[in-house]
Amino acid sequence: MFVFDAPKQASLAVQGSDDRFPIRRIFCVGRNYEAHAREMGKDPTREAPFFFTKPADAAIDTPCAIAYPKLTNDLHHEIELVIAIGKGGSEIAEADVMQHVWGAAVGLDMTRRDLQSEAKQLGRPWDWGKAFDDSAPIGPIKRIAEVPSVERGRIWLAVNGELRQDADISDLIWSVREHISTLSHAMTLEAGDLVMTGTPAGVGSVVAGDVITGGVEGIGDLEVKIGPRA
Ligand code: MN
C-alpha cells in the first residue's frame with residue numbers, strides 16, 4: 001500500500017486510437033544535426049552522441065497551450081523526431097534497434113536557453129534548462145508499421161506562420177539505429193521510453209502569445225500556443 005495515491009501514469013495519445021502510450025523515461029540526444037551544433041558554437045565532427053533526460057510527466061499532448069515557464073527570459077523551441085520504445089533491451093545491435101521501436105512522433109524539446117547556457121558556463125547539469133513543467137509537447141504517436149521512414153523526411157517548425165527550422169531527418173549525425181544502440185549500451189531500455197533525437201538549426205526564442213507549428217513528414221504535426229508566464 002502506498003502512503004498516498006501514486007502519481008498518475010504519464011502518457012501520450014496514439015494516432016487513430018483512444019489508446020494511450022505509457023511513458024517511462026524521456027531521453028534526449030544533444031547536438032545531433034551539424035548546422036545546429038555549429039550554431040551552438042560546437043564542432044559536430046568531434047563528438048560521440050550524448051544524452052540528457054526530462055521527467056516523464058514533462059510530456060504533454062498536442063495541440064496544447066503551455067505557460068511561459070518560470071525563471072527564464074529566453075524560452076527556445078527545438079523541433080525533434082521522437083522515437084517511442086515498445087520493447088526493452090540492453091546492448092541492442094544497430095541492426096536490431098527497429099525491433100524495439102513501437103512508434104514515432106514529432107515533439108518539442110522546449111529549452112530555457114539562458115539557464116542552460118549558465119549551467120554550461122558553470123559546469124553544472126543541464127536539468128534546469130531542459131527538464132521543467134510541460135517542456136516536452138509531443139504529437140500523437142504513430143505506430144511504426146504506419147511510419148514510412150525514420151531515416152528521411154522533412155522536419156520543420158514555424159512561429160506565427162514564419163518558418164524557422166527546416167531540415168531533413170536524413171541530416172541526423174547519429175541515425176535512430178546508431179544513437180538508440182549507443183543509448184542501450186549505457187543503460188537498459190524499457191518499454192515506454194521515449195527518445196527525442198535532436199533538433200536541426202534555426203532554434204530561437206518564443207514569447208507569450210506565440211503559436212508554434214511543426215511536423216515531420218509522414219509522421220505527424222503539432223501546434224503549441226505559448227501562454228502567459230506561469
Ligand atoms: Mn533538443
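Note that the coordinates shown come from a computational prediction; the quantities given were computed from them, not determined experimentally. Remember, it's 1-based here, ligands and their atoms both numbered in the order they're listed. Along the sequence shown, residues are numbered consecutively beginning with 1.
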- Item | Polar protein atoms (N, O or S) that approach the Mn ion (ligand 1) to under 2.8 Å | E78 OE1, E80 OE2, D109 OD2
- Query: With a 4.0 Å cut-off, would you call R20 and D61 a salt bridge?
  - Reply: yes
- Electrostatic pair K70-D133, nearest N-O below 4.0 angstrom: no
- Message: Between N73 and R113, does the side chain to side chain donor-acceptor pair (under 3.5 Å) criterion hold? Intermediate values first, please.
- Response: CA-CA 8 Å; N73 290 301; R113 192 71 74 197; over 6 Å; no
- Determine, using the 4.5 Å side-chain heavy-atom cutoff (strictly less than), whether I138 and L222 are members of one ILVMFWY cluster. no
- Find out if a path of hydrophobic residues (ILVMFWY) with successive side-chain heavy-atom gaps under 4.5 Å connects V147 to V101. yes
- Message: If we count only N and O atoms by modelled type, under 3.5 Å, do the side chains of H77 and R164 hold a donor and an acceptor together?
- Response: yes
